[in-house]
Amino acid sequence: MKPVLARRLNRLPPYLFAEIDRVKRALVAEGKDIIDLGVGDPDLPTPPNIVEALYRAARDPSNQKYALDYGMDELRAAIAAWYDRRFGVELDPDSEILPLIGSKEGIGHIPLAFIDPGDTALVPDPAYPVYNGGTIFAGGEPFRIPLLEKNGFIPDLAAIPAGAAAKAKLIFLNYPNNPTAATCGIDFFERLVDFARKNGIIVCHDAAYTELAFDGYRPPSFLQAEGAVEVGIEFHSLSKTYNMTGWRLGFAVGNADILKGLSTVKSNIDSGIFGAVQIAGVEALTGPQNYVDEHNRIYRERRDALVDGLNAMGWKVEKPKATFYVWAPVPDGYTSASLAKTLLERAAIVATPGSGLGSHGEGYIRFALTRSKERIREAVERMARIL
Ligand SMILES: *Cc1c(COP(=O)(O)O)cnc(C)c1O
């Protein structure tokens, strides 16, 4: 018997990184010294107080059982306190906070709660691929809204066709943005609330990078916009803030009814977050925060090493105010894919072609600042030699 894949899997867009992965594996096998600026996975370790909290909590038998759907009271209280401290927004820990097994889990599952077959979700282009994939898994139709450089990579809500807006059930957004590193102000979030109210659309704002910012910039929360809690939720992640990508801990905050829908889906799929990871999350959110500043200082140095280096070789690239990505326009004579391939084959540098993240990503390449300043300098030297 040959297993036949469900149609939903065939509806996923083709995986555009296959060729890069193949060449990368071949170079690794040859023993080449590869500088991987491809994946957005921090190279720095989780702060030691968080790891210690996990050790202690793992020994406690009460943490070795199935966890509750809404997570531990202590974790929701820690999230509420952190949110209030950071954004000045008060949340009801019992109904307006939902811990997640990483924010990707919640983002991937939310369409199952609100999208019926044939419904539309508005999805930025380019974007983190999970908005698109989750919508497709729910039987929905992603309607891509372009992020254009001339608009600061913020979608022009007025340009969304009235028919598409009227049909849409969800809109996904993400600021500070992966992959473009763009940021937005509360004014955009306020326009978004208006747009969502008028069209009856649920806003899902992905805030994975609010703590990763430079030069004194403090990214806002969607929930700081007037009326936001009536129309949407925001996804947060401990992954990038505390170098905890492997731990799987995130949370959603905002509208209680929307969170209830998501939690109903989850309670039929997962059985909560390992208790010791939740307690480590409490330590991350309530313990010393000096690591966050320290990480941001390191990323800023790397950003400067890369962007100053690229500009010195005549490649016009802007310095991002947030995220650990640099979104660079590809030089004349290349496409996103051909540049990524050239960098890999001739300089052993991995970078992400923008076209892999949506058709409007064509013409750009994404560098992740997840390698040391010295390695980034070495990457710049290699690029200067071949471009
Ligand atoms: C890394 C990332 C996430 C996923 O974070 P997890 O909490 O580790 O699942 C979500 N959204 C964006 C845009 C990201 O870059």
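Note that the coordinates shown come from a computational prediction; the quantities given were computed from them, not determined experimentally. In listed order, ligands and their atoms are each counted from 1.
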Quick check: [X] and ligand 1, any N/O pair under 3.5 Å apart?
{"X": "K104", "value": "yes"}
{"X": "Y128", "value": "no"}
{"X": "Y131", "value": "no"}

Y175 OH to L147 CG distance, which is reported to the nearest 0.5 Å: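 Reported value, rounded in 0.5 Å steps: 4.5 Å.
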Please name the residue in the list L27, I34, L37 that meets the side-chain contact (heavy atoms from CB on, under 4.5 Å) test with V350.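 Considering L27, I34, L37, a side-chain contact (heavy atoms from CB on, under 4.5 Å) with V350 is found only for I34.
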In terms of residue, atom name and distance, what is the protein heavy atom nearest to [atom]?
{"atom": "atom 8 (O) of ligand 1", "value": "S239 OG, 2.6 Å"}
{"atom": "atom 5 (O) of ligand 1", "value": "S103 OG, 3.2 Å"}
{"atom": "atom 15 (O) of ligand 1", "value": "Y209 OH, 2.7 Å"}
{"atom": "atom 11 (N) of ligand 1", "value": "D206 OD2, 2.6 Å"}

In ligand 1, which numbered atoms sit nearer than 4.0 Å to a non-hydrogen atom of G102?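 Those of ligand 1 that fall under 4.0 Å from G102 are 7 (O), 9 (O).
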Where ligand 1 meets N174 - atom numbers and elements under 4.0 angstrom, heavy-atom basis: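 Contacts of ligand 1 toward N174, numbered from 1: 13 (C).
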Find out whether N177 and T183 are in side-chain contact, i.e. whether some heavy atom of one side chain is under 4.5 Å from a heavy atom of the other.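 N177 vs T183: side chains apart.
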Can you find a pair of side-chain heavy atoms, one from L170 and one from T135, that are under 4.5 Å apart?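 No, every pair of side-chain atoms sits at 4.5 Å or beyond.
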Taking the minimum heavy-atom distance to atom 7 (O) of ligand 1, which of A207, S237, G246, A208 ranks first?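 Ranked by closest heavy atom to atom 7 (O) of ligand 1, first place is S237.
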Just going by heavy-atom distances, which of R248, M244, K240 is nearest to atom 9 (O) of ligand 1?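 Looking at heavy atoms only, R248 sits closest to atom 9 (O) of ligand 1.
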May I have all residue pairs that pass side chain to side chain donor-acceptor pair (under 3.5 Å) and include part of residues 223-233, sequence neighbours excluded?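 Sorted result for residues 223-233: R197-E230.
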Other residues, nucleotides and ligands only: do more than 12 of their heavy atoms fall within 6.0 Å of CD on E19?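 Enclosed: over 12 neighbouring heavy atoms sit under 6.0 Å from CD of E19.
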Applying salt bridge (charged side-chain N to carboxylate O under 4.0 Å, His left out), run through D308 and K319 and close with a yes or a no. CA-CA 9 Å; D308 292 343; K319 276 191 186 171; 3.0 Å; yes
Derivation and outcome, side-chain hydrogen bond (donor to acceptor under 3.5 Å, both in side chains), residues Y131 and D206: CA-CA 10 Å; Y131 317 136; D206 178 353; 2.7 Å; yes
